[in-house]
Amino acid sequence: MRELVFATNNQHKTQEVRNLLLNEYSVLNLNDIGCTTDIPETADTFAGNATLKSRYVADHYQMDCFADDSGLEIEALNQEPGIFSARYSGVKDDLENLKLVLRKMEGQSNRKARFRTVISLIRGGEVFLFEGIVNGTIRETPTGEKGFGYDPIFEPEGYDHTFAEMSMEQKNQISHRALAMNKLITFLKERP
Ligand code: IMP
């Protein structure tokens with residue numbers, strides 16, 4: 001069976017994709033291929049950063065690979081935190097980052113935001129990009145304990161609760177990551 005690397009250290013993400021591609025690909029993650037490098041994410045777009053990761057593996061291991069990069073974009077903040085989502089407050093701390101967003105959004109009537117994921121696949125040396133977007137609004141106060149990151153302040157369009165109030169199954173049906181991943185899986189199945 002063809003091998004495909006998912007440039008992540010997240011075991012949970014790997015297992016999910018592995019299950020979806022059970023009959024088509026043997027999916028390996030960074031740990032499986034012995035890659036311990038902290039791959040630099042120095043680009044200024046999600047697509048750029050995802051491609052830095054997928055290209056690193058393709059170049060150093062001569063294997064087909066895909067990588068994802070995600071973040072929250074808030075219209076009134078000029079699409080910030082964007083690529084800086086994981087360290088918006090200067091530290092990799094979900095609560096500090098969320099508090100900074102709420103401070104910057106104080107008194108702001110335009111609460112429109114979106115989560116975005118871009119997946120970069122390098123196959124046979126060629127790059128393919130897959131995008132997933134979920135639109136929504138930023139709440140004034142956090143609600144819910146599930147999920148991670150900005151989930152407690154993000155209310156997806158068409159719902160009256162935040163991502164942090166949804167079960168993982170529910171979030172996985174509508175999330176930016178799931179949408180991008182579904183596009184990748186469809187592509188891989190249609191063009192094995
Ligand atoms: P990553 O590229 O998937 O690691 O996401 C980068 C950062 O974006 C995370 O550290 C979070 O701060 C934020 N983020 C991405 N996806 C989500 C989500 O589904 N919920 C909440 N925050 C997210």
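Heavy atoms only: backbone and side chains are in, while hydrogens, waters and symmetry mates are out. Note that ligands are numbered from 1 as they come in the structure, with each ligand's atoms numbered from 1 the same way. Heads up: numbering here begins at 1 and tracks the sequence.
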## Note on the structure
Counting from 1 in the order shown, the ligand 1 atoms closer than 4.0 Å to a non-hydrogen atom of R177 are 3 (O), 16 (N), 17 (C), 18 (C), 19 (O)
### Task
Check whether any protein heavy atom sits under 4.0 Å from atom 19 (O) of ligand 1.
yes
### Message
Below 30° counts as parallel, above 60° as perpendicular, anything between as tilted: where do the rings of Y150 and F115 land?
### Response
tilted
### Query
Purely on distance, is any nitrogen or oxygen of D68 under 3.5 Å from one on ligand 1?
no
### Task
Could you find the nearest protein heavy atom to atom 22 (N) of ligand 1 and give me its residue, atom name and distance?
Y150 N, 3.2 Å
### Task
Using a 4.0 Å heavy-atom cut-off, say whether F163 meets ligand 1 through its side chain, its backbone, both or neither.
neither
### Query
For R18, does the CZ atom have more than 12 heavy-atom neighbours from other residues, nucleotides or ligands under 6.0 Å away?
yes
### Task
Can you see which heavy atom on L72 is nearest to which on S85, and at what distance?
N-OG, 3.0 Å
### Message
Taking only non-hydrogen atoms of G71, do any sit less than 4.0 angstrom from ligand 1?
### Response
yes
### Task
In plain terms, say whether K104 and E80 are close enough for a salt bridge, that is, a side-chain N and a carboxylate O under 4.0 Å apart.
yes
### Task
Give the ring-plane orientation class for H60 versus Y56, where under 30° counts as parallel, over 60° as perpendicular and anything between as tilted.
parallel
### Task
Do me a favour and list the nearest non-hydrogen protein atom to atom 4 (O) of ligand 1 with residue, atom name and distance?
K13 NZ, 4.8 Å
### Message
Within a 6.0 Å radius of atom CD on E131, are there more than 12 heavy atoms belonging to other residues, nucleotides or ligands?
### Response
yes
#### Entry: Heavy-atom nearest neighbour of atom 11 (C) of ligand 1 within options F46, F148, Y88
F148
### Task
Determine whether any heavy atom of D151 lies closer than 4.0 Å to an atom of ligand 1.
yes
### atom 6 (C) of ligand 1 - nearest protein heavy atom and its distance
S70 O, 3.3 Å
### Message
Please classify the K92 to ligand 1 contact at 4.0 Å (heavy-atom distances, strictly less than): side chain, backbone, both or neither.
### Response
neither
### Task
Just jot down the ligand 1 atoms closer than 4.0 angstrom to any heavy atom of D69, in number order.
2 (O)
### Query
Which is it for E106 and R103 under the salt bridge (Lys or Arg N to Asp or Glu O under 4.0 Å) test, yes or no, and what are the steps along the way?
CA-CA 5 Å; E106 257 168 27; R103 265 207 307 282; over 6 Å; no
### Task
Please report which non-hydrogen protein atom sits nearest to atom 23 (C) of ligand 1, along with the residue it belongs to and the distance in Å to one decimal place.
F115 CE2, 3.5 Å
### Query
According to the interplanar angle, ranging from 0 to 90°, do the rings of F6 and F66 count as parallel (below 30°), tilted (30 to 60°) or perpendicular (above 60°)?
parallel
### Message
Are more than 12 heavy atoms, taken from residues, nucleotides or ligands other than N19, located less than 6.0 Å from that residue's CG atom?
### Response
yes
### Query
Near S85, which atoms of ligand 1 are under 4.0 Å from a heavy atom of that residue?
7 (C), 8 (O), 12 (O), 13 (C)
### Message
Below 30° counts as parallel, above 60° as perpendicular, anything between as tilted: where do the rings of F163 and H176 land?
### Response
parallel
### Task
Can you sort out which atoms of ligand 1 are near K171, meaning under 4.0 Å from one of its heavy atoms?
18 (C), 19 (O), 20 (N)
